[in-house]
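Read the numbers this way: they start at 1 and go in the same order the structure lists the ligands and their atoms. Everything quoted here is computed from the prediction, not taken from an experiment.
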Amino acid sequence: MSASSTPLTAVNGTDLLLWVAIPYTCLAVFAVGHVWRYRKDQFGWTSRTSQLLEHRWLRWGSPLFHLGAFAVIGGHVVGLAVPASWTRAVGISEHAYHTAAVALGSVAGVAMVVGLGMLCARRLLAPRIRTRTSHSDKLLFPLLSATVLLGIAATVVHNIAGGGYDYRSTVSVWFRGLFALQPQPEAITGAPLLFQLHALTACLLFAAWPFTRLVHVWSAPIGYLRRPYLVYRRTAATTTYGSHPGSAQHKPAAPKVTR
Ligand code: HEM
């Protein structure tokens, strides 16, 4: 199925709202929101790690979520930004593309879901993390979970259990149209509901992005890979207060009283 370009005036109001106005508004909030956040809150521009408060769940949940996310993002770049005609032109058949996308996408999606599940669980179950959960976290975690769960549900229902759905000729056409400034809402209106809901929650996630801890994505410490080692050495045994922590001498000196 290939989506033909329809004049926007022929598209009904609801479809214009859902597939043109909302996506562009979310993208505008994404762009302007980042500038605003950078100018107003550079010291808060971090992942606000809670590793010191809880690390057992984080040790597994965080790498699973992040590695899954990297792979899912890679899959989305190929699936949404690269037209099917380009992959065909380099000799990748539709069947080979589809099989690889579903296999790799499923592994990555499951890693992301399990990792995110662990990150959400520690936020709900560890009292010290729960009390440090901000309003922006309360928006981010449900929105992120909805987006990820709807994405994996669309894959499972239509492309693993179902007969296969060619989203590259519908959802991807709509997605590219937005960035080409030639919106094609009609390309996505016939897509299955799970794909539509996934795309809409993703738009809302983009709008929420600059106001949450997700801004840390743009400050990933990639320089760490090339930076020289930092050398940590213990200081000499004698400290201001005594020989080593725990020794009887390791006590703060009594305050000096001056009369
Ligand atoms: C408007 C933006 C987006 C569109 C149009 C979109 C579209 C899609 C499509 C078509 C699939 C099905 C792939 C398949 O069946 O092979 C999918 C799957 C998925 N999406 Fe998205 N997506 C978007 C943004 C996001 C975002 C922001 C996230 C996560 C934060 C995400 C997470 C997932 C996951 C986990 C899957 C299932 C695993 C996979 O197939 O890679 N998506 N998405």
Provide the full list of side-chain hydrogen bond (donor to acceptor under 3.5 Å, both in side chains) pairs with a residue in residues 108-127, sequence neighbours left out, each pair given once. S50-R122, E54-R122, R123-T133

Which residue holds the protein heavy atom closest to atom 15 (O) of ligand 1, what is that atom called, and what is the gap in Å? N159 ND2, 2.9 Å

Do D15 and E186 touch side chain to side chain, with heavy atoms closer than 4.5 Å? no

List ligand 1 atoms under 4.0 Å from V171, heavy atoms only on the residue side. 5 (C)

Can you pull out the closest protein heavy atom to atom 39 (C) of ligand 1? Residue, atom name and distance to 0.1 Å, please. G105 O, 3.6 Å

If you leave out waters, which protein N, O or S atoms are less than 2.8 Å from atom 21 (Fe) of ligand 1? H76 NE2, H198 NE2

Atom indices of ligand 1, in the order listed, that fall short of 4.0 Å to a heavy atom of T155: 12 (C), 13 (C), 14 (C), 15 (O), 18 (C), 37 (C), 40 (O)

For the residue pair S134 / S136, report whether a side-chain donor-acceptor contact shorter than 3.5 Å exists. yes

Classify the ring geometry between H34 and W209 as parallel (under 30°), tilted (30 to 60°) or perpendicular (over 60°). tilted

Donor-acceptor pair, distance only, cut-off 3.5 Å: does the side chain of R176 make one with the backbone of L80? yes

Quick one: does ligand 1 sit under 4.0 Å from the side chain of L80, the backbone, both or neither, non-hydrogen atoms only? side chain

Indicate the ring-plane relationship of F195 and Y165, choosing parallel, tilted or perpendicular according to the 30° and 60° boundaries. tilted

Check V78, T87, V173 against R168 for a side chain to side chain contact (heavy atoms under 4.5 Å, CB included) and give me the one that passes. T87

Which residue and heavy atom of the protein sit nearest atom 29 (C) of ligand 1, plus the separation: M112 CE, 3.7 Å

Answer yes if F141 and L125 sit in the same cluster of Ile, Leu, Val, Met, Phe, Trp and Tyr residues linked by side chain heavy atoms under 4.5 Å apart, and no otherwise. no

For ligand 1, which part of F195 has a heavy atom less than 4.0 Å away: the side chain, the backbone, both, or neither? side chain

